[in-house]
Amino acid sequence: MTALPPSGTVLCDLSDLDATGAREFSFGERMDRIGVFVVRQKDEVYGYINSCPHIGVPLNLEADEFISDLGHDIICSTHGARFRISDGFCLSGPCAGDALEPVAVILQDGKVLLA
């Protein structure tokens, strides 16, 4: 599997998360590709590997669409599992009690960076 880019890599501007609350990124080529997404909740940003713990499918079907209609949870578009934004813990669905794999991110000067 492809490794993530080095710490300090800029992923996006914080304002890029305003439209959907989240943004996805891919690193690597073909079979070695790894998907990551970042989610904004107020002034905090959280990063996760884009893979449902249930069967490993990407969480989103549409680009940058990871947040439930009410804006409270990350949702798996395939199975409807709901995850807490702050820690990726699965609240309901076929993987209840499991969690998304975190990716460390930080905010610096209005930008979201890998930590």
Side-chain angles (χ1 to χ4, degrees):
M1 184 184 330
T2 297
L4 292 175
S7 234
T9 298
V10 174
L11 296 176
C12 63
D13 289 334
L14 182 60
S15 62
D16 291 340
L17 304 177
D18 290 346
T20 63
R23 188 152 178 208
E24 64 184 308
F25 307 90
S26 291
F27 304 102
E29 299 294 325
R30 299 182 189 204
M31 296 302 292
D32 288 335
R33 184 171 298 240
I34 185 170
V36 170
F37 68 100
V38 293
V39 180
R40 180 177 186 171
Q41 188 173 51
K42 297 183 182 177
D43 290 332
E44 298 290 326
V45 178
Y46 306 92
Y48 298 101
I49 299 294
N50 188 8
S51 179
C52 181
H54 178 221
I55 59 170
V57 297
L59 294 165
N60 61 320
L61 295 177
E62 301 285 329
D64 301 331
E65 295 290 335
F66 293 90
I67 307 299
S68 66
D69 290 340
L70 298 176
H72 301 295
D73 304 313
I74 297 166
I75 190 164
C76 176
S77 296
T78 301
H79 303 103
R82 292 182 176 273
F83 302 87
R84 240 183 342 236
I85 291 173
S86 62
D87 61 6
F89 181 80
C90 185
L91 302 165
S92 66
C95 51
D98 210 339
L100 299 173
E101 185 178 341
V103 172
V105 294
I106 58 170
L107 288 175
Q108 185 176 340
D109 300 324
K111 299 200 179 299
V112 179
L113 291 77
L114 289 173

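This chain uses plain numbering: 1 for the first residue, then up along the sequence.
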| request: Apply side-chain contact (heavy atoms from CB on, under 4.5 Å) to the pair I49 and V36, showing each step before the final yes or no. | output: CA-CA 4 Å; I49 299 294; V36 170; 4.1 Å; yes
| Between C12 and L17, what is the shortest heavy-atom contact and its length? | SG-CD2, 4.1 Å
| Linking I/L/V/M/F/W/Y whenever their side-chain heavy atoms sit closer than 4.5 Å, directly or via other members, would V112 and V10 fall into one cluster? | no
| SG of C52 to CG of L100: how many Å apart, nearest 0.5 Å? | 7.5 Å
| request: Keeping the roles fixed (side chain from S68, backbone from I74), state whether a donor-acceptor pair exists under 3.5 Å. | output: no
| field | Residue pair H54 / T78, side-chain heavy-atom distance below 4.5 Å | value | no
| said: Please enumerate all residues that pass side chain to side chain donor-acceptor pair (under 3.5 Å) together with D64, with sequence neighbours excluded. | reply: none
| message | Around atom CG of D18, are there more than 12 heavy atoms from other residues, nucleotides or ligands closer than 6.0 Å? | response | yes
| message | According to a hydrophobic-cluster definition based on side-chain heavy atoms being under 4.5 Å apart (Ile, Leu, Val, Met, Phe, Trp, Tyr only), do F83 and V39 belong together? | response | yes
| Taking side chain as C-beta onward, heavy atoms only, is Y46 less than 4.5 Å from P102? | no
| Quick check: does any side chain N or O of D13 sit under 3.5 Å from a backbone N or O of S15, one acting as donor and the other as acceptor? | no
| query | Can you list the residues that meet the side chain to side chain donor-acceptor pair (under 3.5 Å) rule with N60, with sequence neighbours excluded? | reply | E24, N50
| field | Closest contact, heavy atoms only, A96 versus S92 | value | CB-CA, 4.2 Å
| remark: To the nearest 0.5 Å, atom NZ of K111 lies from atom CD1 of I106 at 13.0 Å
| task | Give a yes or no on whether V38 and L14 share a hydrophobic cluster (residues Ile, Leu, Val, Met, Phe, Trp, Tyr; joining criterion: side-chain heavy atoms under 4.5 Å apart). | result | yes
| field | Gap between atom CD of Q41 and atom CD1 of I85 - 0.5 Å precision | value | 4.5 Å
| task | Report yes or no: does R40 contribute a side-chain atom to a donor-acceptor pair with the main-chain N or O of K42 at less than 3.5 Å? | result | yes
| message | Quick check: closest heavy atoms across P94 and A81, and the distance to 0.1 Å? | response | CD-CB, 4.2 Å
| Which value, rounded to the nearest 0.5 Å, describes the distance between L4 atom CG and L11 atom CG? | 9.0 Å
| message | Under the ring-ring contact (aromatic ring centres under 6.0 Å, His included) test against Y48, which residue among F66, F37, F25 passes? | response | F37
| What closest approach, in Å, do P53 and C95 show between heavy atoms, and which atom pair accounts for it? | CG-SG, 4.1 Å
| request: Verify, without hydrogens or angle tests, whether S77 (side chain) and L59 (backbone) share a donor-acceptor contact under 3.5 angstrom. | output: yes
| message | Please report the interatomic distance CD(E62) to OG1(T20), rounded to the nearest 0.5 Å. | response | 11.5 Å
| message | Once rounded to the nearest 0.5 Å, what's the spacing between atom CD of E65 and atom CD1 of I75? | response | 11.0 Å
| said: Taking I34 as the starting point, is it possible to reach L113 by hopping between hydrophobic residues whose side chains are less than 4.5 Å apart? | reply: no
